[in-house]
Number of protein chains: 2
Amino acid sequence: MPHKKPQNLEIDNLDIQILSILMKNATTPYTEIAKELIVSGGTIHVRMKKLEEMGVIKGASLEVNPQKLGYDITAFLGIFLEKGSQYNEAVKQLAAVPEIVELHYTTGSYSIFAKIVCHDTNHLREVLNEQIQSVKGIQRTETFISLEESIRRQISLD
Amino acid sequence: MPHKKPQNLEIDNLDIQILSILMKNATTPYTEIAKELIVSGGTIHVRMKKLEEMGVIKGASLEVNPQKLGYDITAFLGIFLEKGSQYNEAVKQLAAVPEIVELHYTTGSYSIFAKIVCHDTNHLREVLNEQIQSVKGIQRTETFISLEESIRRQISLD
DNA sequence: GTTGAAAAGTGCTGCGA
DNA sequence: TCGCAGCACTTTTCAAC
């Protein structure tokens, strides 16, 4: 009796619980997760492999404290473009600015929204004046400097 | 001759190189890093321990694809407070909103700047109306919905 | 501070239920 | 499909340089 391989491309409650634990601490051993969720270590492994194949898991990255590395300024940038159609070209040039850690195409007042990390205010001014304002199509920018990061977390999967 | 323990609380070039590799892929084995930087595995371990003690490394977290988990909307929120002094109280209440993944106290037009992740536009509207607008001290908000996340990376350590 | 190797723990694979 | 057990690999520790 031919039977189509189920593939099981659904995310069930167990998957969510595994992700939930690993999103808090990616170094949690599989055996410990297994103990906590009362399944075997092999099961965790199978689920993780499935989630990776599905593209749910992009990878694991080390979280560093930018301030301890001499990056004291985090700022948000609202960027106005002359024309919305210049977006792709602008992004290409902005990608070459290493201080930009996040960049979005947004609705609302601004065309582009960016997050930027700099050593100090001088560094920020340099990047703004020399790297960003000179990009073709960028009309002007508004800067919001973060004085305090009060919340920083991942989405909760409940 | 009494001699103060050096502690070696400086970050040298080797530390930077180790961090650089692990920030791209936190699952890189120490042995492989050691080979690449031509030092022993034990050295990598000692350095990592030092960096953790110094607080440079906050931890490792799994990066997931929010869209694959049904979170399709990423938005930025500029929040106006009636008085800046209401910040601490507002943060306390906003911390209880799980959809908020980042929150900053900023200079510029807004008092608070937040990043929020929702399932869909309805979910976003619900969170805005029921959870955020009701917080005491919040005057009004401006929403910037991300239509495309073009850049997402860590600071480069060069 | 670094090295190299030994010891402990974890991740992976195949067999059985 | 899941769980168990053995093997390979990584992390950790430690004495010596």
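Numbered from 1 within each chain, the chains take letters A, B, ... in sequence-line order.
In this structure, the CE atom of B/M48 is 10 Å from the P atom of D/dT11, given to the nearest Å. Taking atom NE2 on B/H45 and atom C1' on D/dT13, their separation rounds to 8 Å, with Å as the unit. Across the protein-nucleic acid pair, A/K49 atom NZ and D/dT1 atom P stand 13 Å apart, rounded to whole Å. Rounded to whole Å, atom P of C/dG1 lies 15 Å from atom CD1 of B/I44.
When the side-chain contact (heavy atoms from CB on, under 4.5 Å) test is applied to A/Q131, the partners found at least two apart in sequence or on another chain are A/V97, A/V127.
Inter-residue side-chain proximity for A/E89 and A/V91 is flagged as unmet; no heavy-atom pair is nearer than 4.5 Å. In this structure, B/D72 and B/H123 have side chains that are not in contact, with every pair of non-hydrogen atoms separated by 4.5 Å or more. Side-chain contact check for B/L128 versus B/T141: some heavy-atom pair is nearer than 4.5 Å.
Taking the six-membered ring for Trp, A/H104 and A/F113 have ring centres at least 6.0 Å apart.
Within residues 27-42 of chain A, the residues having any heavy atom under 4.0 Å from DNA chain C are, by residue number, A/P29, A/Y30, A/T31. Taking a 4.0 Å limit (strictly below) on heavy-atom distances, residues 15-25 of chain B does not reach DNA chain D anywhere.
Residues A/E102 and B/K115 are paired through a salt bridge, judged by an N-O separation under 4.0 Å between the basic side chain and the carboxylate. By the 4.0 Å N-to-carboxylate-O rule, B/R140 lies close enough to B/E142 to be salt-bridged with it. Using a 4.0 Å cut-off between a side-chain N of Lys or Arg and a carboxylate O of Asp or Glu, B/K49 and B/E52 do not qualify as a salt bridge.
Look at B/R47 and you'll find a side-chain N or O under 4.0 angstrom from OP1 or OP2 of C/dT2.
For A/T43, whose side chain is taken as the heavy atoms from C-beta onward, the closest listed nucleotide among C/dT2, D/dC2, D/dT12 is D/dC2.
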